Amino acid sequence: MSFADFKKRSQSSINELTKKIEETNKKESYTDDRFWRPELDKASNGYAVIRFLPAPDGEDLPWAKYYSHGFQGKGGWFIENCPTTIGQKCPICEANSELWNSGIEKDKDIARSRKRRLHYTSNIMIVSDPANPQNEGKVFLYKYGKKIFDKINDVMNPEFADEDAINPFDFWSGANFKLKVRKVAGFINYDKSEFESTSALLDGDDAKLEELWKTQYALSEFTDPKNFKSYDELKTKRDAVLGADIRQTTQATSTTAETISESEDDGAARAEKAFGGEDTEETDALSYFEKLANE
């Protein structure tokens, strides 16, 4: 580079440096635009109509089922996929089993706070989204929990003889799902959500359905072993978060927003991304911990 070029470049260097500073200071975004969530009003109520879509090309199931852990200790946040999803041992589950079987109620409370959380993820098409009509007709991923999966299972396996089984994931003979979100006793509730009568999606137009099918997202990534840390890696991180004592809990912090540290704020954002504020119910903690203890 000649000195003349160097001089010319130096004149614009402040703009380049300012841009670099902005990039450095910019916080990582934990929003995954592939996922859709119902927008709730101030009373935590929400409504939308969605259609669960069939398995994407090359996959067998229209949902991915997996577990994760998310909790905070003095050493920060622990937010990781649980390897029991893929049939591997998990140091968090083992520690929870030890706590649960200690016979001490306070230990059980700690185990509950660190329990593995059950998630399902499916492809959906938005039929109606009054809060965000621009989403209508688009394909998204939707993360949900046991409550909604039970409603899916109920229509696929009806309890009474006068009820016909429905495959809600079917393009032609499936059914729209009216998602009704309420806040009951301080918790998000989906009990009023229900399936409509069977109907063909997009009026059964095969050309449109094929185009829609090709835009679906792969679900295999949620159970891909490469997205799960090894037992030793998880144990090292667990020890860094909790220290040597598995009974360690988070340090006392002020409830005012001004006192929340940047690392805590980022951890909360990651937790929001991991759990999505959705219905992420755990499997029966008692039976699961007892099973671990007996193995």
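Below, all heavy atoms of this structure are taken into account, side chains as well, without hydrogens, waters or symmetry copies. Because the structure is predicted, anything quoted here is derived from the model rather than measured.
The cationic atom of Lys143 (NZ for Lys, CZ for Arg) lies less than 6.0 Å from the six-membered ring centre of Phe35 and within 45° of the ring axis. A cation-pi contact, defined as under 6.0 Å to the ring centre and within 45° of the axis, links Lys237 to Phe78.
A donor-acceptor contact closer than 3.5 angstrom links the side chains of Glu94 and Tyr231.
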Item to complete: Run the numbers on Arg51 and Glu196 for salt bridge (charged side-chain N to carboxylate O under 4.0 Å, His left out), then give the verdict.
Response: CA-CA 10 Å; Arg51 181 70 170 238; Glu196 298 178 350; over 6 Å; no
Discussion item. Let's go through Arg238 and Glu80 carefully: what are the C-alpha distance in whole Å and the side-chain angles of both, what is the deciding distance for salt bridge (charged side-chain N to carboxylate O under 4.0 Å, His left out) to 0.1 Å, and is it a yes or a no?
Written reply: CA-CA 10 Å; Arg238 182 199 72 185; Glu80 297 291 345; over 6 Å; no
Item to complete: Show the numbers, then the answer: is there a side-chain contact (heavy atoms from CB on, under 4.5 Å) between Ser44 and Ile188?
Response: CA-CA 8 Å; Ser44 295; Ile188 296 298; 4.2 Å; yes
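Aromatic ring centroids of Phe169 and Trp63 lie under 6.0 Å apart.
Shown here is Asp41, whose CG atom has more than 12 heavy atoms of other residues, nucleotides or ligands within 6.0 Å.
Looking at Arg112 and Asp109, a side-chain N of the basic residue comes within less than 4.0 Å of a carboxylate O on the acidic one, giving a salt bridge. A salt bridge between Glu221 and Arg34 is present, with a side-chain N of the basic residue lying under 4.0 Å from a carboxylate O of the acidic one. One finds a salt bridge joining Arg247 and Asp107 here, because a Lys/Arg side-chain nitrogen approaches an Asp/Glu carboxylate oxygen to under 4.0 Å.
No donor-acceptor distance shorter than 3.5 angstrom exists from the side chain of Gln216 to the backbone of Asp57, with no hydrogens or angles considered.
Inter-residue side-chain proximity for Val49 and Leu179 is flagged as unmet; no heavy-atom pair is nearer than 4.5 Å.
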